[in-house]
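See below for the structure under consideration.
Naming: A, B, ... by sequence-line order, numbering from 1 per chain.
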There are 2 protein chains.
Amino acid sequence: MSGFGPDAVFLADCPARLTVELLADKWTAVVLYGLSEGPVRHGELIEMIGGISRKMLTQTLRRLEAHGLISRHAYAEVPPRVEYELTPLGATLIDPIHMLTEWARAHGDAVLDALDADHEPLAHGD
Amino acid sequence: MSGFGPDAVFLADCPARLTVELLADKWTAVVLYGLSEGPVRHGELIEMIGGISRKMLTQTLRRLEAHGLISRHAYAEVPPRVEYELTPLGATLIDPIHMLTEWARAHGDAVLDALDADHEPLAHGD
DNA sequence: CAGGCTAGGTTTCCGATGGGAACCGCCAGG
DNA sequence: CCTGGCGGTTCCCATCGGAAACCTAGCCTG
């Protein structure tokens, strides 16, 4: 434990840890990705993402807004219309997220394979 | 909901979602990063990371192992010694994770600034 | 005019999850 | 024989996440 080099950046209390934990949510990355092509409404995100509850979506959006990654535009119409949009800061996160999806596209298969091998280790004679 | 383009890859039930959710843990990315420079022992990870409990570390390591991203080497010694190491598959994740840390290094400041502005919106006259 | 509809958000309730800390097993050494 | 070091598990509790009902507010329909 004596010398992890300058790469230890995100193993302690540095801003990197904060940011990684900001993204380390089940929904954060997905929501950001959902906004990557332009303003999207609350209800659209619900349908796009699939599996997220209103509560968690709102909560995630609020957090991203508080962190300056997205902006919220509420139109005083009836029925109410609310659109969310990436800020320039939030837009800079799309590239890293794309890298993750690219990784998934390339290696997701291998991960599923490993998972399968691990779940049934006695399927062929223990 | 009619045409999000081919980029909708990870908004549904595709493998990308699975993988993103695999990483969407408070500790997963940090642990992988901690292993990025070679085999590391359980206790070393505890000290490197700081804030993680034994339970969560073990749990995270088990999951990563099940997904084929790391391998576990237990030496029948006394006191027990257990080392964890990235598999070749796991090593391919280091690049994407580095992108996140780079992003954090570049924009973490802006995020903290936005957070601060949001937390005290009435600090200068409501 | 009353009730229902839409759409975003909040509240309530409950099951799942995460963290802390104590405990376990193992064996060498004092 | 008791302690100490290390990896891991168990127990307990606080928090979180999800489902679904409720709320607001104005238009439309009956």
Side-chain angles (χ1 to χ4, degrees), chain A residues 1-2 11-13 17-18 20-32 34-35 38-67 70-86 118, chain B residues 1-2 11-13 17-18 20-32 34-35 38-67 70-86 118:
Chain A
M1 68 196 79
S2 49
L11 297 175
D13 56 359
R17 259 296 267 289
L18 192 158
V20 167
E21 293 191 3
L22 161 65
L23 291 177
D25 248 12
K26 190 173 178 183
W27 300 115
T28 309
V30 191
V31 168
L32 285 174
L35 296 177
V40 180
R41 300 178 60 173
H42 178 100
E44 287 177 319
L45 283 170
I46 292 280
E47 308 231 348
M48 286 167 79
I49 293 176
I52 195 173
S53 62
R54 287 194 200 298
K55 188 176 78 167
M56 285 315 295
L57 177 58
T58 301
Q59 191 171 309
T60 303
L61 290 167
R62 289 285 134 80
R63 183 147 52 109
L64 292 176
E65 192 188 5
H67 284 77
I70 67 175
S71 56
R72 180 179 184 275
H73 307 286
Y75 299 91
E77 299 174 352
V78 165
R81 184 162 63 98
V82 180
E83 285 186 345
Y84 295 91
E85 187 178 14
L86 289 179
D118 193 84
Chain B
M1 70 189 82
S2 50
L11 296 175
D13 55 359
R17 259 296 266 287
L18 192 157
V20 168
E21 293 191 2
L22 161 65
L23 292 177
D25 251 7
K26 191 172 177 182
W27 300 114
T28 308
V30 191
V31 169
L32 285 174
L35 296 176
V40 180
R41 298 178 61 172
H42 178 100
E44 287 177 320
L45 283 170
I46 293 280
E47 308 232 348
M48 284 167 79
I49 294 177
I52 194 172
S53 63
R54 289 197 198 298
K55 188 176 81 169
M56 286 315 296
L57 178 58
T58 301
Q59 191 170 309
T60 303
L61 291 167
R62 289 285 134 80
R63 183 146 53 110
L64 292 176
E65 191 187 6
H67 284 75
I70 67 175
S71 57
R72 180 179 185 275
H73 308 287
Y75 300 91
E77 298 174 355
V78 164
R81 184 163 63 99
V82 181
E83 286 186 345
Y84 295 91
E85 187 178 14
L86 289 177
D118 194 85

### Query
With side chains defined as the heavy atoms from C-beta onward, is the minimum distance between A:Thr58 and A:Leu61 less than 4.5 Å?
no
#### Entry: Any side-chain heavy-atom pair of B:Leu23 and A:Leu23 under 4.5 Å
no
### Summary
From CD of B:Glu77 across to C1' of C:dG25 the rounded distance in Å is 16 Å
### Residue pairs, two or more places apart or on separate chains, that pass side-chain hydrogen bond (donor to acceptor under 3.5 Å, both in side chains) and touch residues 71-81 of chain A
A:Ser71-A:His73, A:Arg72-A:Tyr84, A:His73-A:Glu85, A:Glu77-A:Arg81, A:Arg81-A:Glu83
### Query
Can you tell if the side chain of A:Ile70 reaches within under 4.5 Å of the side chain of A:Leu32, non-hydrogen atoms only?
yes
### Task
Quickly work out the B:Lys26 NZ to D:dC16 C1' distance and round it to whole Å.
12 Å
### Query
Going 5' to 3' along nucleotides 1-14 of chain D, which nucleotides have protein heavy atoms under 4.0 Å from the base (write B), which only from the sugar-phosphate (write S), and which from neither (write -)?
-----BSBBBB---
### Query
Just how far, in rounded Å, is P of C:dA7 from CD of A:Glu83?
13 Å
### Query
For A:Trp27 and D:dG18, is the shortest distance between a side-chain N/O and OP1 or OP2 below 4.0 Å?
yes
### For atom CE of A:Met56 and atom P of C:dT10, their distance in whole Å
13 Å
### Query
Please give, in whole Å, the distance from D:dA20 C1' to A:Ile46 CD1?
13 Å
### Considering all heavy atoms, the nearest B:His42-B:Leu57 contact
O-CD2, 3.5 Å
### Message
Quick check against the 3.5 Å criterion: does A:Glu44 have a side-chain atom that pairs as donor or acceptor with the backbone of A:Arg41?
### Response
yes
### Task
Identify whether any heavy atom of B:Gln59 sits under 4.0 Å from a base atom; if not, whether one sits that close to sugar-phosphate; answer base, sugar-phosphate or nothing.
sugar-phosphate
#### Entry: For atom CD1 of A:Ile49 and atom C1' of C:dG8, their distance in whole Å
15 Å
